[in-house]
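Since the structure comes first, as structure tokens, the remarks are kept for the end.
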Amino acid sequence: MRKKIVLIDGHSILNRAFYGIPDLTNSEGIHTNAMYGFLNIMFKFLDEEKPDYLTVAFDLPVPTFRHVMYKEYKGTRKAAAPEFKQQVPLMQDLLRSMNINVVTCEGFEADDIIGTIAKTSARDGLDVVIVSGDRDLLQLCEEHIKIRIPKTKKGGTEVEDYLPENVFETYGVTPLEFIDVKALMGDTSDNIPGAPGIGEKTATKLIAQYKSMENVFEHLDELKPKQKENIGNNIELLRQSKILVTIKTDVDLGFKLESAGLDDMFNADSYELFKRYNFKNMLSKFDKNMPQKELEVYDNFKEVTEFSEVEDIFNKVKEMVESGKQIGLAVLAEESLSGIALSLSDEEIYYIPCTGFVNENYLVTRLREAIKLADGRLIVTSGLKSVLKFLDTTSLYEYSDVPENAFLDVSVGEYLLAPNNESYDYVALARTYMDINVPARAELIAKDSLEKASQTNNENLVKYACLQSYIYLKVANNILDNLKKMDMYDLFINMEMPLIFVLYEMEKQGVRVDKQELIDYSAVLAEKIEALEASIYKAAGEEFNINSPKQLGVILFEKLGMPVKKKTKSGYSTASDVLEELAVDYPIVNDILEFRQLAKLKSTYADGLTEYIGEDSRIHSNFNQTITATGRISSTNPNLQNIPIRMEMGKLFRKVFIPREGFSFIDADYSQIELRILAHMSGDEKLIESYNSDVDIHRATASHVFNTPLEEVTDLQRRNAKAVNFGIIYGISSFGLSKDLSISPKEAKQYIDQYFESYPSIKDFIDGLVENAKENGYSITMFNRRRPIPELKASNFMQKKFGERIAMNAPIQGTAADIIKIAMIRVYDELKKANLKSHLVLQVHDELLVEVANDEIEKVREIIEKGMKEAAKLKVSLEIDLNVGKNWLECH
DNA sequence: GCCGTCACG
DNA sequence: ACGTACGTGACGGCT
């Protein structure tokens, strides 16, 4: 068997990866997309070729012999993007860390290195595979030298493979003749001139016929007069071109095959770098090489079913908790409880399945006994909100006897430390804090439910459970230390941890929805939609799927010939702002707009919400605490934070949200909380004064900006001022404002300039926000919540601007999120303390909806008012609008 | 699984 | 020149 060597054209593959993979940045702001793409391509080829040897060749950033002989060589090539450049040396270091042979050679290019190694290796009896993004290398092709050119197509990479016969099929010339083709036609990207007027077609034809450039020179008389002139007048230049495009195969490299062996690619050094660059899905490659750390622990995972043993474990847990020691807890529950895992130490990690005498009641009882003994945050877990569900489902106990401060939720803690992350599960925590890559749920128990997994693959289920409890316990103090270091311990302990209990209660309570009303409304919508459909089909002259932007685009812009105002990546934009413009001239478009609106209402709200109404006539949506980068909470399954309010047709959905019998709703929302926060944080006297004198804030802004007495501010001026106020909060840009107000960016800029002239301290404030964020790499709220902004380090103009807008917005939006979280906790605590039946049901960013017992309305009104208004002490007052009603529409 | 669209703050 | 306002989630269509 011939041995095989793979040769990679480092620069060209890295470059291809850079443009093929969207920008990626690690937490330090280092761009990693090219490296990531390179590794993907490299692993793919290693996998396919299974070579014995591997070498990656790179250019050096110094002139080569080509530059010396022809000073215009690569002259017009524009400088590479800095995001690319910075990755070149990093890539080389990364490869070296993987013990991969990286070769460079002063005075020569990567092509020459590859050419030399390829030819010598082939001569020495190896199979050679060259991987490059560049067709220039095709000239190296021969029986045992294959060229592979990866192409990034959407849906994966395709590879073009070239052996000599493929080169001939594709180009009609042999690999060696390819050099002459190239010399004749030139190469604009390398600034090689070639003969004027001779392109790829002609050059190929001539070489196919005459076999070499020199032979073409011999037969100039047989050419067309123009070609004869173009080539004949440039013979010297063309000879030089040929030297330039000929890849050297005799460079003195001192290449040793032994040093190109593949050995120990996945070692501790490379692991560090993979982790640093956040190549998460590649870390599993290290598994079989670095298992030591994990295996030890896996051996200590133990399933315990013997009743007396379970008793012993719980007794030990109680002892530990009593003496102030932390334990790790993971609860495995879906429809029902499968079991719990307890981690007491590195040696004692137990999975206790829920079976036999060890039933749910038993487990809950014993666990609660331990929790009640905890003085301090000793019960370490993740997803505490769902753990509470398990602790609460028993009929044996009152849930409220469990002390809140017994728990520590490591995922919520990690969210504060890195709110941009997408996951805070045990896999992510193990990577971040323990440098290990542990199997994810999907790897252990596939798509099975937990119940099914316990029957089919119990061993993996035990591993899944124990791993979690083990990791939670392991990382807890690291996370606490980091929170303290970053001054977020208070935020964690006094805001995020207590909030878990509030959100749990809200989810548990849910909100009542009138199912029949929803179903009826769906039917009404269906009827209207059908009528609109008929009218649209008639106007279009055919039936089509109006919900398909693609089909709709064809009808509107091709068949009906409407002017194209805006395009998307994949075709014509049919977004509502575009359609609204068209509606003036084409009445059919109004029907389409209405159809869209009603279709949305029907699918998302009428039919969508109906699905979620439970046996208790209530919707129990999920409030997620670890999603947003700014600190807001989000709502899913269903999303109850985007129930319509602005449009008449949509509003009606608020009517189906109703309180239970004997209860009412109180809805309270902050009045312009973000602008008030801006007033406070900036300390701007004018804005503070406006709020303290209780004038309409947008009117006051208009008065200042347009230099008009308050009473004379026109509606238009007020509207403009309002838009500017929003703009300030979003991170102002003249372009965004101009779009919002349908004015020119120039006019928008004037408004902004005028605003900043009127409010200089606000300008200073937001400039300061950006400046601080640039200096620190993150923004910060009044309550110390951080948001890292890696975008600020981008050299891409757009991205940096985006980072700047985030830096302006995040502290304001985040502080508002902090404040309403405080309010929620206070309202929750007060309701509980007063032993009231009323409870929070929804939070919509600046609004709280409370289901209130009819005999508690006045008390609860006071609690809400106090809780919200006094949630933070600002330089301006926090005002709320509060209403009582019999449905959500009525009280908002 | 991504895109375009649109619902909310 | 670049080509956008900040933060979310769900749906239908399409690949």
Side-chain angles (χ1 to χ4, degrees), chain A residues 22 153-156 419 544-553 566-579 592-593 595-609 611-612 621-624 627-647 649-651 653-654 669-670 672-674 723-741 745 748 752 779 787 789 794-814 816-817 820 842-847 892:
Chain A
K153 286 248 172 73
K154 53 179 176 181
F544 64 101
N545 190 338
I546 309 165
N547 272 325
S548 160
K550 199 174 153 191
Q551 293 182 37
L552 181 62
K566 202 166 80 177
K567 284 192 161 185
T568 67
K569 278 179 213 156
S570 44
Y572 315 108
S573 169
T574 66
S576 62
D577 56 332
V578 175
L579 297 192
I592 293 170
L593 280 165
F595 173 92
R596 276 253 183 91
Q597 200 183 71
L598 299 187
K600 171 107 181 175
L601 294 179
K602 182 170 187 297
S603 67
T604 303
Y605 300 104
D607 302 341
L609 289 179
E611 294 290 305
Y612 287 98
S621 109
N622 175 38
F623 289 102
N624 201 315
I627 293 287
T628 70
T630 52
R632 279 186 175 180
I633 58 179
S634 86
S635 160
T636 53
N637 301 310
N639 182 354
L640 293 183
Q641 289 181 322
N642 72 347
I643 303 301
I645 185 73
R646 295 171 190 163
M647 301 304 227
M649 285 260 100
K651 251 183 202 187
F653 285 99
R654 299 238 165 182
D669 70 299
Y670 280 114
Q672 294 148 350
I673 187 167
E674 290 179 335
V724 174
N725 277 332
F726 268 99
I728 297 291
I729 290 164
Y730 288 157
I732 196 92
S733 83
S734 50
F735 213 93
L737 183 65
S738 74
K739 224 177 75 186
D740 192 62
L741 288 174
I752 296 167
S779 69
R787 171 174 181 177
I789 313 177
S795 72
N796 177 296
F797 176 87
M798 269 311 299
Q799 283 203 3
K800 197 162 7 180
K801 285 283 165 211
F802 180 51
E804 289 173 7
R805 292 198 296 273
I806 293 173
M808 300 183 222
N809 172 265
I812 298 173
Q813 188 182 127
I820 196 160
L842 295 179
Q843 186 255 41
V844 193
H845 310 307
D846 66 351
E847 167 191 3
H892 188 75

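Within every chain, numbering begins at 1; the chains are lettered A, B, ... in the order of the sequence lines, protein sequences first and strands thereafter.
Not one side-chain nitrogen or oxygen of A:Arg787 sits closer than 4.0 Å to the OP1 or OP2 atom of C:dC6. A sub-4.0 Å separation between OP1 or OP2 of B:dG4 and a side-chain N or O of A:Ser570 is present. Dashed line: the shortest gap from a side-chain N or O of A:Ser548 to OP1 or OP2 of C:dC14 is under 4.0 Å. Look at A:Gln551 and you'll find a side-chain N or O under 4.0 angstrom from OP1 or OP2 of C:dC14. Considering only side-chain N and O atoms, A:Ser576 lies under 4.0 angstrom from the phosphate OP1 or OP2 of B:dC6. Contact annotation: A:Thr574 reaches the phosphate of B:dT5 (side-chain N/O to OP1 or OP2, under 4.0 Å). In this structure, A:Ser733 does not reach the C:dT4 phosphate: none of its side-chain N or O atoms is under 4.0 Å from OP1 or OP2. Listed pair A:Arg805 / C:dA5 fails the phosphate criterion, with no side-chain N or O lying under 4.0 Å from OP1 or OP2. Distances shown here put a side-chain N or O of A:Arg646 below 4.0 Å from the OP1 or OP2 atom of B:dG9. Applying the 4.0 Å criterion to OP1 and OP2 of C:dG13, one finds that A:Asn545 has a side-chain N or O inside that range. Listed pair A:Lys600 / B:dA7 fails the phosphate criterion, with no side-chain N or O lying under 4.0 Å from OP1 or OP2.
Taking atom C1' on both B:dC2 and C:dA5, the two are 24 Å apart, rounded to the nearest angstrom.
Note that CG of A:Asn809 and OG of A:Ser779 are 9.0 Å apart. Values are rounded to the nearest 0.5 Å.
A donor and an acceptor atom, one from each side chain of A:Asn624 and A:Ser634, are nowhere located under 3.5 Å apart.
Within the nucleic acid shown, A:Ala723 comes within 4.0 Å of at least one base atom, counting heavy atoms only. A:Ile643 comes within contact range of the sugar-phosphate backbone alone, with a heavy-atom separation under 4.0 Å but no base atom that close.
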**Q.** Intra- and inter-strand pairs of DNA chain C in dot-bracket (Watson-Crick or G-U wobble, both distances under 3.5 Å; | for another strand)
**A.** .....|||||||||.
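By the salt bridge (charged side-chain N to carboxylate O under 4.0 Å, His left out) test, A:Arg787 is found to be paired with no residue, residues two or more places apart in sequence or in another chain being considered.
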